[in-house]
Amino acid sequence: MTDQKTQPDEPVIAAYKPALAALQEGKKYFWCTCGRSEKQPFCDGSHAGTDFKPLMFVAEKTEEVLLCACKRTRSGPYCDGAHNNLQDTYEEASADEITAMSDAKLIARDADNGGKAILDGGAYVLTPDPANAQHKGTLSWQSLIGAEDGAKHLGLVRITAAKGTAPWQSHKKSDSVLFIVSGKGTITIEDKAFTVGPETGLFVQAGERYFLHADEPMTIMAAICPQSDGAEWPDGPNGAFNTSFTERRVGVDHDKAEVMADRFFQILVDDQVGSKEITQFIGEVPLSRAAFHRHLYEEAIVILSGTGMMWTENCRAPVNPGDIIFLAKRQGHSLECTDPKGLRLMGAFYPAGSPAINY
Ligand code: FES
């Protein structure tokens, strides 16, 4: 237990990070709510004499989950990221961690690997090369993350659109979560038109057809899930718009941003606009180096502004605006911001959830 500065009627903060637990379908578990158990995250009876009682739950499936250890979650027994706000600063790399990683090899972009700097576990940093793009009408696109890159579920495609109207496109079996990096225009999904500009997120459900009209040249990052062999180019709409989710566009709204100590993020596209597989967010990191951590999701990150260094166990690679980062599920990593003005990024990950949850 790391913190005893709590009131007697408050749970003890057993840890400032969630605990990874392997659950078995149908099995009953007792999650510790008091924080006093020595068998975190589960109850060992240490709540005796307090008003706390363990929370019993039955695992719905066999899976690894992150259970709350700070005991401040609003979604018990699961971590909801509440631990991030219990300290004044986001957890940064410790002096020991920095020393231990001081020998991490600086990896250069490798032309033989499509220009990627390949880090541990198949993670990579890539500066997209427009020369590799394919073209149709006003559109150019290139795959930046896919099965051939080691990703299991996510695809990431960089789309640029010249001024004008692009052809209709669709992915029959894959959802598309779009992020407008620059430029402005209109994206029409079936018969619904959405005006979009920089830092707008937009959800297009599998089977829906859409086209974009660029008022000025646009750059878009499209996260695709499940991975697709490429878009189809139908002649027009087919009326398949899912009217259960009529609003698909989400813009940056500082009132909706989640503050995590000295950094913030805002969820853009999630299940509120119909995206059940992918969560898209935008975030800002101050001059700092995050503590080494892992997520239970596969992630694509796009650097929007600022400079930094991506660290994995034994490797590191610099990142600059326009670069993308791929991280496999459970890949240990730390993103360092080396820019006094901060680093702004967009992330998209599968399965959907909260970017504030790591272990
Ligand atoms: S030991 Fe914490 S609820 Fe039982």
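Throughout, numbering of the chain's residues begins at 1 and tracks the sequence. What you see below is based on every heavy atom in this structure, not just the backbone, and it leaves out hydrogens, waters and symmetry mates. Counting convention: from 1, in listed order, for ligands and their atoms alike.
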Item to complete: For the residue pair H293 and H295, categorise the inter-ring angle as parallel (less than 30°), tilted (30 to 60°) or perpendicular (more than 60°).
Response: perpendicular
Worksheet item: Would E97 and R289 count as a salt bridge (charged side-chain N to carboxylate O under 4.0 Å, His left out) if you check the C-alpha gap in whole Å, the side-chain angles of each, and the deciding distance to 0.1 Å?
Response: CA-CA 11 Å; E97 183 181 314; R289 180 166 157 186; 5.1 Å; no
Fill in: atom 2 (Fe) of ligand 1 contact by C43, N, O or S atom under 2.8 Å
no
Fill in: atom 2 (Fe) of ligand 1 reached by H47 (N, O or S, under 2.8 Å)
no
Worksheet item: Can you list the ligand 1 atoms lying under 4.0 Å from a non-hydrogen atom of D44?
Response: 1 (S)
Fill in: Over 12 non-hydrogen atoms of neighbours within 6.0 angstrom of NZ in K184
no
Worksheet item: What is the nearest protein non-hydrogen atom to atom 3 (S) of ligand 1, stated with its residue, atom name and distance?
Response: T33 N, 3.3 Å
Discussion item. Under a 4.0 angstrom heavy-atom cut-off, which atoms of ligand 1 come close to C34?
Written reply: 1 (S), 2 (Fe), 3 (S)
Discussion item. Run the side chain to side chain donor-acceptor pair (under 3.5 Å) test on N320 and T307 for me, step by step, so that the C-alpha distance in whole Å, both residues' side-chain angles and the decisive distance to 0.1 Å come before the verdict.
Written reply: CA-CA 5 Å; N320 295 292; T307 55; 5.4 Å; no
Worksheet entry | Proximity winner for atom 2 (Fe) of ligand 1, if only heavy atoms of S37, A14, A48, C32 are counted | C32
Worksheet item: Passes salt bridge (charged side-chain N to carboxylate O under 4.0 Å, His left out), K27 versus E25? Steps please.
Response: CA-CA 6 Å; K27 192 171 168 187; E25 182 180 341; over 6 Å; no
